[in-house]
Amino acid sequence: AMTNGMMVFVEASKMATGRNLLLQAGAMTEGTIVEAIDNTALTTGHLLHLKSTSADIISEAITVETRKVDSGTGMKMSLDDLTTGVGMEVSTNVGNALTNTGAVMRVAAKQVSAGTVVDIGVDQLSTGSAVKLTGGNGMTTGHLMHISSTSPSVTSDGLVRVVADSVSTGTVAPFSMDALSTGTGIRLSTGAGNGLRSGGTVLSLEATSQRSGTLLDISANAMDRGVGVRVKGGNTLVHLTTASVGVAATKVVRVDADLLETGHVVKISADALVGDGATHTHIVYMKTTSAAVTAESKLIWLRGTAMTNGM
């Protein structure tokens, strides 16, 4: 009928090495070595309270060894009725001394060459988030997520892979950046690398089996200044090729500007152009080697049936 106090007290305040309590059950195949299961009234107390004020723990404060387990589960927590609570929390409380080499939580599997290191299964999740990172309100040179690899050869599966093959409507990966002004939303950079060769690509968009729709859609209806797409560099900046044999509606390049009243639909400027008969310099160069062009076909067809003046 004891309501408070201590049932078992082990005094070993002067003990420097050894073990205070040792339980041996080497032959046990069923049952439990340590069990505390009948509590139904716990509020501010603890089923298990372990505490140390040592500042120099070299090994581990708590060690669980199940080195021989090759199937099954090493540690399991069941939280069937969890609603607004937290299943497991690792907290630094008010501590703020963590440096770039420290970690609040670490999963070490450096010798693992296959399998999954962290597996999160949420098959029935319809709202909410499986993984959520928040904070970084004072972020400058840090990262909310940092993924790094030194592998020199990666297959087409990629270092980061998102598989959503069953999605038919909606958006697979939205990015929101409402306050963006002079910054960059998404940046792909090769840094100081200069090894890119023919066949290599910095960004590849593949949809070889698609027969309709739009592969790249840029909407900027409110833009009255600035540029929708800008390509800067040298040599061939834009190269368009098609394998289509063509139908009546085929247009390899199409520009619709039916509402334009002033300005230019297409403007080409080449003020520094230099050339002669040997260099064959041209502002616009069009050619065809086809022998099937008939009299009804035109290399250039300009129509202005409603024009009343101009050229």
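Count residues from 1 along the sequence. In this text the structure is predicted, and so the values were computed from the model without any measurement.
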Applying salt bridge (Lys or Arg N to Asp or Glu O under 4.0 Å), which residue pairs with at least one partner in [range] are found, sequence neighbours left out?
range: residues 128-148; value: none
range: residues 247-263; value: R254-D256
range: residues 100-124; value: none

Evaluate the side-chain proximity of [Y] to [X]: yes if any heavy-atom separation is below 4.5 Å, no if none is.
X: L159; Y: I147; value: no
X: Q24; Y: L22; value: yes
X: L299; Y: T288; value: yes
X: L196; Y: T190; value: no

Restricting to ring-ring contact (aromatic ring centres under 6.0 Å, His included), what partner residues turn up for F175, sequence neighbours left out?
none
Restricting to ring-ring contact (aromatic ring centres under 6.0 Å, His included), what partner residues turn up for H146, sequence neighbours left out?
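H146: ring-ring contact (aromatic ring centres under 6.0 Å, His included) contacts with H143.
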Please determine, by modelled atom types, if T99 and T101 share a side-chain donor-acceptor pair under 3.5 angstrom.
yes
Could you work out, with side chain to side chain contact (heavy atoms under 4.5 Å, CB included) as the rule, every residue matching [X], not counting sequence neighbours?
X: L125; value: V122, A130
X: V265; value: V255, A257, L260
X: K51; value: H49, T53

How close do V118 and T116 get, heavy atom to heavy atom, and via which atoms?
O-CG2, 3.2 Å
Which residues satisfy the side chain to side chain donor-acceptor pair (under 3.5 Å) test with [X], sequence neighbours excluded?
X: S13; result: E11
X: N137; result: none
X: E60; result: T63

Residues that R67 engages under salt bridge (Lys or Arg N to Asp or Glu O under 4.0 Å), provided they are two or more places apart
E65
